[in-house]
Amino acid sequence: MSSEWCLACLTVLTEDLTIEIPEGAMDIQTDESEITGNGGKEEYAVAVDVGSTTVVSQLVALHTGKVLAICSGINPQTTYGADIISRIAFAVSDKHQAALLRDLLREEIGKQIAQLLRECPGCIPSRVRLVGNTVMHHLFAGYDVRPLSAAPFQSPLNDGYYRKRYSGGNQSLRYG
């Protein structure tokens with residue numbers, strides 16, 4: 001091992017330390033495996049994996065099962081906590097902080113969807129499906145994460161839920 005490297009688990013800190021990871025230094029793994037197409041009419045959807053560290057979006061042709069475009073990035077909420085517990089603590093301490101986490105995540109997903117549509121013009125999705133852990137779902141939807149901060153760590157909102165599109169139209173988007 002190079003003398004420039006040390007094992008963090010064997011390191012004793014004697015003063016404050018800040019570790020910086022340059023933007024783009026982390027590789028985000030994505031899966032481009034095709035799904036089974038429905039063989040029906042030409043239809044598109046966006047699948048979003050809302051992780052605590054990364055957010056990955058895919059534009060999928062539902063009729064063929066082909067992944068047409070992928071966009072990924074670091075979850076911007078990491079600025080306010082690298083782990084789920086820190087983000088829960090941040091969100092429950094003030095309703096404005098919870099709204100900040102919600103808005104950061106929604107903005108990132110919106111940017112990713114816009115990028116997907118730039119890469120595949122004319123492929124307008126009829127639906128968007130988000131997946132992730134319960135905390136990520138709650139932060140995205142603006143739901144209170146307080147029930148997830150203490151035993152028994154269960155939310156009354158564990159089922160999927162529907163939201164109307166925010167900017168006009170009468171289509172519903174399913175979150176969950």
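All values below come from the heavy atoms of this structure, side chains included, with hydrogens, waters and symmetry mates left out. Because the structure is predicted, anything quoted here is derived from the model rather than measured.
Contact detail for Asp83 and Ile85: the closest heavy-atom pair is OD1-N, 3.1 Å. A pairwise comparison of heavy atoms in Ala98 and Ala91 identifies CB-O, 3.6 Å as the closest pair. Nearest approach of Val128 to Leu130, heavy atoms of both residues: CG1-CD1, 3.7 Å. Closest approach of Ala61 and Leu68 over heavy atoms only: CB-CD1, 4.0 Å. Taking every heavy atom of both residues into account, Cys71 and Leu116 meet most closely at N-CD2, 3.7 Å. Across all non-hydrogen atoms, the minimal contact from Val56 to Ser72 is CG2-CB, 3.8 Å.
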Checklist entry - Given Phe140 and Val50, is the side-chain contact (heavy atoms from CB on, under 4.5 Å) satisfied, shown in steps? => result CA-CA 9 Å; Phe140 173 83; Val50 182; 5.6 Å; no
Next on the checklist: For a side-chain contact (heavy atoms from CB on, under 4.5 Å) check, start with the C-alpha distance between Ile84 and Leu148, then their side-chain angles and the critical distance, and finish with the verdict.
Outcome noted: CA-CA 10 Å; Ile84 296 292; Leu148 304 172; over 6 Å; no
Next on the checklist: Under the criterion side-chain contact (heavy atoms from CB on, under 4.5 Å), I'd like the reasoning laid out for Asn75 against Thr54: C-alpha separation, chi angles, the key distance, then a yes or no.
Outcome noted: CA-CA 5 Å; Asn75 185 328; Thr54 61; 5.9 Å; no
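A donor-acceptor contact shorter than 3.5 Å links the side chain of Gln112 to the backbone of Val55. A donor-acceptor pair is defined here as one N or O able to donate and one able to accept, closer than 3.5 Å; such a pair exists between the side chain of Gln77 and the backbone of Leu101.
Note: Leu59 CG to Arg118 CZ = 13.0 Å, rounded to the nearest 0.5 Å. In this structure, CG on Leu139 lies 11.0 Å from OG1 on Thr134, to the nearest 0.5 angstrom. Atom-to-atom distance recorded for Ile113:CD1 and Glu108:CD is 10.5 Å, nearest 0.5 angstrom.
Residue pairs meeting the ring-ring contact (aromatic ring centres under 6.0 Å, His included) criterion with at least one partner in residues 38-57, sequence neighbours excluded, are Tyr44-His63. For residues 35-55, every residue pair satisfying the salt bridge (charged side-chain N to carboxylate O under 4.0 Å, His left out) rule, not counting sequence neighbours, is listed here: Glu43-Arg127. Sorted by first and then second residue, the ring-ring contact (aromatic ring centres under 6.0 Å, His included) pairs with a member in residues 89-121 read Tyr80-Phe90; sequence neighbours excluded. Among residues at least two apart or in separate chains, there is no ring-ring contact (aromatic ring centres under 6.0 Å, His included) pair with a member in residues 98-127.
At a threshold of 4.5 Å between non-hydrogen side-chain atoms, the residues Leu117 and Pro125 count as touching. Thr79 places none of its side-chain heavy atoms less than 4.5 Å from the side chain of Leu104. You'll find the side chain of Val145 stays beyond 4.5 Å of the side chain of Arg87, heavy atoms only. The closest side-chain heavy-atom distance from His138 to Ser155 is below 4.5 Å.
Phe153 pairs by the ring-ring contact (aromatic ring centres under 6.0 Å, His included) definition with nothing, not counting sequence neighbours. Among residues two or more places apart in sequence or in another chain, the salt bridge (Lys or Arg N to Asp or Glu O under 4.0 Å) test is passed with Glu119 by none.
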